[in-house]
> 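Structure below; questions to follow.
First the proteins, then the strands, lettered A, B, ... as listed; each starts at 1. Hydrogens, waters and symmetry mates play no part in the numbers below; they use all other heavy atoms, side chains included.
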Protein chains: 2
Amino acid sequence: MSNAREQILQTTCTLLEKQGYHGTGLNEIVKESHAPKGSLYYYFPDGKEQITAEAVLQSGKDTAERIRMGLSESGSASKAVSDFVLKVADHVELSGFAAGSPLTTVAMETATQSERINLACREAYGMLQSAFNEKLLECGFAKAKADELATFVVASIEGGIILSRTSHTANPLRLVAKQLKVLLS
Amino acid sequence: MSNAREQILQTTCTLLEKQGYHGTGLNEIVKESHAPKGSLYYYFPDGKEQITAEAVLQSGKDTAERIRMGLSESGSASKAVSDFVLKVADHVELSGFAAGSPLTTVAMETATQSERINLACREAYGMLQSAFNEKLLECGFAKAKADELATFVVASIEGGIILSRTSHTANPLRLVAKQLKVLLS
DNA sequence: GTCTATACGGTGATAGAC
DNA sequence: GTCTATCACCGTATAGAC
């Protein structure tokens, strides 16, 4: 895969993360990614919708990978999940509360506006849930229980990100870490 | 307060709920609210930022009120919160997953972009947390514990809304209701 | 208070040269 | 593959009549 194409996707992820779909312009993406402007519609003939959908999928894949990495560091599901959420808290804090999940905003903005992007978001969230799910299964949770808990874990992390970004404090996310630790133990 | 002004705010709430800040235009607000276009900048001299900030506050106030209403129907905090979340699930489902919280999207979009709107979102979330907090205190939770739980309740509801809107199923929210019921009992 | 008209920048997108 | 020029459109915001 070409370098310019990859650069565009990565930059789009970053911009979506802090500005959302409607807040991010193609010109901005080109400028920020230092990619040749002419190549935008060459690599992404379907325009903004395609770029966003692919960026969302990319981001889902990357995040799921990071979750798996993080979770493998601890044996118990309880500590593993909690530690991961604390890492997210650090990330959000270090970015000056500009970052969070690239999915959250985009998912909300496009849920009923673009089917293509919506499907990408759905798939991306599925990847995150699967990553948590696997860990829970490994740790002995029954299948149905693991499914439910994985969904709840993702939900409360997303909510924690929202509250932390809004309040400009990592406290809500750290609190989510604490509650999930209790819940999973 | 004038009728046009109120109409504009209410319409803005609805549009923000499904489209977010950058996805909602002033022309759209005027058209949808059937308010005289000329009065937009008469009532809101600071433009879009002011309209949004006021709509967010309005929405926070209304939602907090609805939370209090809902919570007062049941005695135990556990059942009260759970029932409220189930109502939210119905609301999201009935709207065809177009609606959710007017705050979520706006809060994420503007966290580091508009101080005025960010402060409004912060205050609005504070109102929601307070509503839950009061109920928890009434039900005998210690102050520190009630604070933590209220934050976690709001976070997981917000996350549930995101997942439900994205997946076009009310399941995530219903699952949040179930988990919170256990957590608070 | 409300209306119409308009300024002006930025948006996504396309065409055609190279 | 990439560049430049250009398109039509929509965004917010303002001016001035009534």
Side-chain angles (χ1 to χ4, degrees), chain A residues 1-56 102 105-106 108-110 112-118 120, chain B residues 1-56 102 105-106 108-110 112-118 120:
Chain A
M1 185 183 293
S2 111
N3 198 353
R5 192 188 150 91
E6 207 149 345
Q7 260 302 314
I8 289 174
L9 281 183
Q10 207 200 316
T11 306
T12 304
C13 282
T14 311
L15 291 175
L16 289 177
E17 192 167 354
K18 67 175 171 196
Q19 299 174 337
Y21 179 67
H22 289 115
T24 302
L26 294 183
N27 296 332
E28 200 180 359
I29 293 174
V30 169
K31 187 170 151 199
E32 208 80 10
S33 66
H34 304 289
K37 165 140 191 170
S39 41
L40 225 170
Y41 279 91
Y42 174 80
Y43 289 117
F44 306 93
D46 292 347
K48 193 181 184 182
E49 216 183 358
Q50 181 184 3
I51 299 182
T52 306
E54 293 200 25
V56 162
T105 321
V106 176
M108 286 292 289
E109 285 178 289
T110 62
T112 55
Q113 308 230 53
S114 157
E115 190 177 358
R116 183 171 188 169
I117 300 177
N118 174 47
Chain B
M1 186 181 294
S2 115
N3 198 354
R5 191 188 150 92
E6 207 150 342
Q7 260 301 315
I8 289 174
L9 281 183
Q10 207 199 317
T11 305
T12 304
C13 282
T14 311
L15 292 175
L16 290 178
E17 192 168 352
K18 65 176 171 195
Q19 301 174 336
Y21 179 68
H22 288 114
T24 302
L26 294 183
N27 296 332
E28 200 180 358
I29 293 175
V30 168
K31 187 171 151 198
E32 207 79 12
S33 66
H34 304 289
K37 164 138 190 171
S39 41
L40 225 168
Y41 279 91
Y42 174 78
Y43 289 118
F44 306 93
D46 292 346
K48 193 181 184 181
E49 217 183 356
Q50 182 184 2
I51 298 181
T52 306
E54 293 200 25
V56 162
T105 321
V106 177
M108 286 293 290
E109 285 178 289
T110 62
T112 55
Q113 309 230 54
S114 157
E115 190 177 0
R116 183 170 187 171
I117 300 178
N118 174 47

> Can you list everything that forms a side-chain hydrogen bond (donor to acceptor under 3.5 Å, both in side chains) with A:Lys31? Sequence neighbours excluded, please.
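Result, side-chain hydrogen bond (donor to acceptor under 3.5 Å, both in side chains) vs A:Lys31: none returned.
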> Quick one: which protein N/O atoms are closer than 3.5 Å to N/O atoms of nucleotides 12-14 of chain C? Pair and distance per line, please.
unit_1: C:dG12; atom_1: OP1; unit_2: A:Leu26; atom_2: N; d: 3.3
unit_1: C:dG12; atom_1: OP1; unit_2: A:Lys48; atom_2: NZ; d: 3.1
unit_1: C:dG12; atom_1: OP2; unit_2: A:Leu26; atom_2: N; d: 2.7
unit_1: C:dA13; atom_1: OP2; unit_2: A:Tyr41; atom_2: OH; d: 2.5
unit_1: C:dA13; atom_1: OP2; unit_2: A:Lys48; atom_2: N; d: 3.1
unit_1: C:dA13; atom_1: O5'; unit_2: A:Tyr41; atom_2: OH; d: 3.0

> Quick test of your reading: applying salt bridge (Lys or Arg N to Asp or Glu O under 4.0 Å), list the pairs with at least one residue in residues 35-50 of chain A, sequence neighbours left out, ordered by first then second residue.
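Only A:Asp46-A:Arg116 qualify under salt bridge (Lys or Arg N to Asp or Glu O under 4.0 Å).
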> Taking any atom closer than 4.0 angstrom to a non-hydrogen atom of chain B, what span of DNA chain D does the protein reach, first nucleotide to last?
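From 5' to 3', the first and last contacting nucleotides are D:dG11 to D:dT14.
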> Test of understanding: with side-chain hydrogen bond (donor to acceptor under 3.5 Å, both in side chains), list the residues that count as partners of A:Glu28, not counting sequence neighbours.
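Per chain and number, A:Glu28 pairs via side-chain hydrogen bond (donor to acceptor under 3.5 Å, both in side chains) with A:Gln19.
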> Just by distance, with hydrogens left out, do B:Tyr21 and B:Thr105 show a side-chain donor and acceptor under 3.5 Å apart?
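Not at all, the side chains of B:Tyr21 and B:Thr105 share no donor-acceptor pair under 3.5 Å.
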> By side-chain hydrogen bond (donor to acceptor under 3.5 Å, both in side chains), which residues pair with B:Glu54, not counting sequence neighbours?
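Partners of B:Glu54 by the side-chain hydrogen bond (donor to acceptor under 3.5 Å, both in side chains) criterion, ordered by chain and then number, come out as B:Arg5, B:Gln50.
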> Quick check on side chain to side chain contact (heavy atoms under 4.5 Å, CB included): which of A:Leu16, A:Thr24, A:Leu26 does A:Ile51 satisfy it with?
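Going through the options one by one, the only one that passes is A:Leu26.
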> With sequence neighbours left out, which residue pairs that include part of residues 7-17 of chain B fulfil the side-chain hydrogen bond (donor to acceptor under 3.5 Å, both in side chains) condition?
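Output for this query lists B:Glu17-B:His91.
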